[in-house]
Amino acid sequence: MNAPAGVTARAAHACALAWRWVRGAPGTYVWLAILAVTSTAQHLGSDRQVRHWLQVRSTNLHHLADDPIHVLLTSALWTDGGGWLGYAVLFTVFHATAERWLGTLRWLAVALSAHVGATYLSQGVLLWAIRHDYAPERAAFTLDVGVSYALAGVIAVLAYHAAPPWRWLYLAGVAAVYVPPVLITPTFTDVGHCSAALIGLACLPLTRGRGAPVDPGALLRGARRRLRGTSSIG
């Protein structure tokens with residue numbers, strides 16, 4: 001039984017919109033495709049294999065001193081164990097939005113700055129903790145991979161994409177996610193996430209000239225008007 005023409009047209013329109021969204025953020029979806037491959041490898045590999053794959057790409061103190069460029073690049077191509085579908089949603093909501101707004105080069109500059117900067121800041125705190133006997137020597141070999149620092153930086157920089165007062169609400173949400181862990185029971189990853197968010201906020205100069213801030217309230221009102229218009233036509 002053939003689908004009604006209206007349903008087919010709407011499906012085709014939705015696919016066209018989705019493809020336009022993906023084309024507008026090529027860096028995001030190439031990165032996500034690589035994560036799909038490495039996530040599949042983690043799922044299929046044995047625990048010992050996965051542990052080895054992640055360990056040699058870990059941005060820990062040992063590897064940062066020995067081969068920093070290699071681990072800084074490759075650690076961002078693996079996940080820390082979270083499901084790929086979850087990252088697909090987060091990348092689509094935050095990374096793709098930022099890339100479409102800033103352009104690929106500026107978006108990548110924000111993501112890399114947050115990833116590299118937060119890695120060194122968090123590992124610097126860990127080094128201080130080791131030298132002052134707050135952490136064991138073996139912490140220099142700790143496992144530290146994933147995309148969360150880059151994601152935190154991009155999430156934070158998107159605050160400048162929203163017009164006030166939505167910007168302040170968004171910033172309050174960012175602070176609510178990344179600040180309390182540092183104040184309550186901080187780990188080096190908590191320090192890294194908070195640092196990455198601050199680095200993202202420091203990327204304000206990269207947002208200049210990228211158009212006026214978006215008013216989410218106006219977008220919602222426009223969407224409601226379009227829905228009412230569609231309903232009345234139907």
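From a predicted model like this one, the values you see are computed outputs, not experimental measurements.
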Just jot down the side-chain contact (heavy atoms from CB on, under 4.5 Å) partners of [X], sequence neighbours excluded, or say none.
X   : value
W21 : Y29, T92, A96, T97, R100
P26 : E99, T104
R23 : W19, R20
V50 : Q42, W53, L54

If you compare all heavy atoms of [X] against all heavy atoms of [Y], which two are closest, and at what distance to 0.1 Å?
X    : Y    : value
P205 : A202 : CD-O, 3.5 Å
A118 : G192 : CB-O, 3.2 Å
R210 : R106 : CD-NH1, 3.4 Å

Q: Not counting sequence neighbours, list each pair that qualifies as a ring-ring contact (aromatic ring centres under 6.0 Å, His included) and has a residue in residues 109-133.
A: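 As it turns out, the ring-ring contact (aromatic ring centres under 6.0 Å, His included) pairs with a partner in residues 109-133, which skip direct neighbours, are W128-H132, W128-Y134.
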Starting at [atom1] of [X], measure out to [atom2] of [Y] and round the result to the nearest 0.5 Å.
X    : Y    : atom1 : atom2 : result
S39  : L77  : OG    : CG    : 10.5 Å
L64  : I69  : CG    : CD1   : 11.5 Å
L108 : T28  : CG    : OG1   : 9.5 Å
S122 : F188 : OG    : CZ    : 6.5 Å
I199 : C194 : CD1   : SG    : 10.0 Å

Who passes side chain to side chain donor-acceptor pair (under 3.5 Å) against [X], sequence neighbours left out?
X    : result
T189 : T187
T40  : none
W101 : H161
T74  : none

Q) Sequence neighbours excluded, which residues qualify as ring pair (Phe, Tyr, Trp, His ring centres under 6.0 Å) partners of F91? A) W31, H95
So if you build clusters from Ile, Leu, Val, Met, Phe, Trp, Tyr with side-chain heavy-atom gaps below 4.5 Å, do [X] and [Y] land together?
X   : Y    : value
V89 : V22  : yes
L73 : V110 : no
W84 : L90  : yes
V30 : V37  : no

Q | H70 vs H63, side-chain contact (heavy atoms from CB on, under 4.5 Å): CA-CA, chis, key distance, verdict | A | CA-CA 9 Å; H70 175 259; H63 285 147; over 6 Å; no
Q) Near R51 CZ, under 6.0 Å, is it more than 12 heavy atoms from other residues, nucleotides or ligands? A) no
Q: Determine whether more than 12 heavy atoms belonging to other residues, nucleotides or ligands lie under 6.0 Å from atom CG of L17.
A: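 Buried by this count: over 12 neighbours within 6.0 Å.
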Beyond-backbone contact of [X] with [Y], side-chain heavy atoms, under 4.5 angstrom:
X    : Y    : answer
I130 : L126 : yes
T207 : L204 : yes
W78  : L35  : no

Sequence neighbours excluded and cut-off under 3.5 Å, please list the side-chain donor-acceptor pairs for residues 174-185, or say none.
none

May I have the list of side-chain donor-acceptor pairs in residues 136-158 shorter than 3.5 Å, sequence neighbours left out?
unit_1: D144; atom_1: OD2; unit_2: T59; atom_2: OG1; d: 3.1
unit_1: D144; atom_1: OD2; unit_2: Q123; atom_2: NE2; d: 3.3
unit_1: S148; atom_1: OG; unit_2: H193; atom_2: NE2; d: 2.8

**Q.** Worked check of side-chain contact (heavy atoms from CB on, under 4.5 Å) between L201 and Y160
**A.** CA-CA 8 Å; L201 292 175; Y160 302 121; 3.7 Å; yes
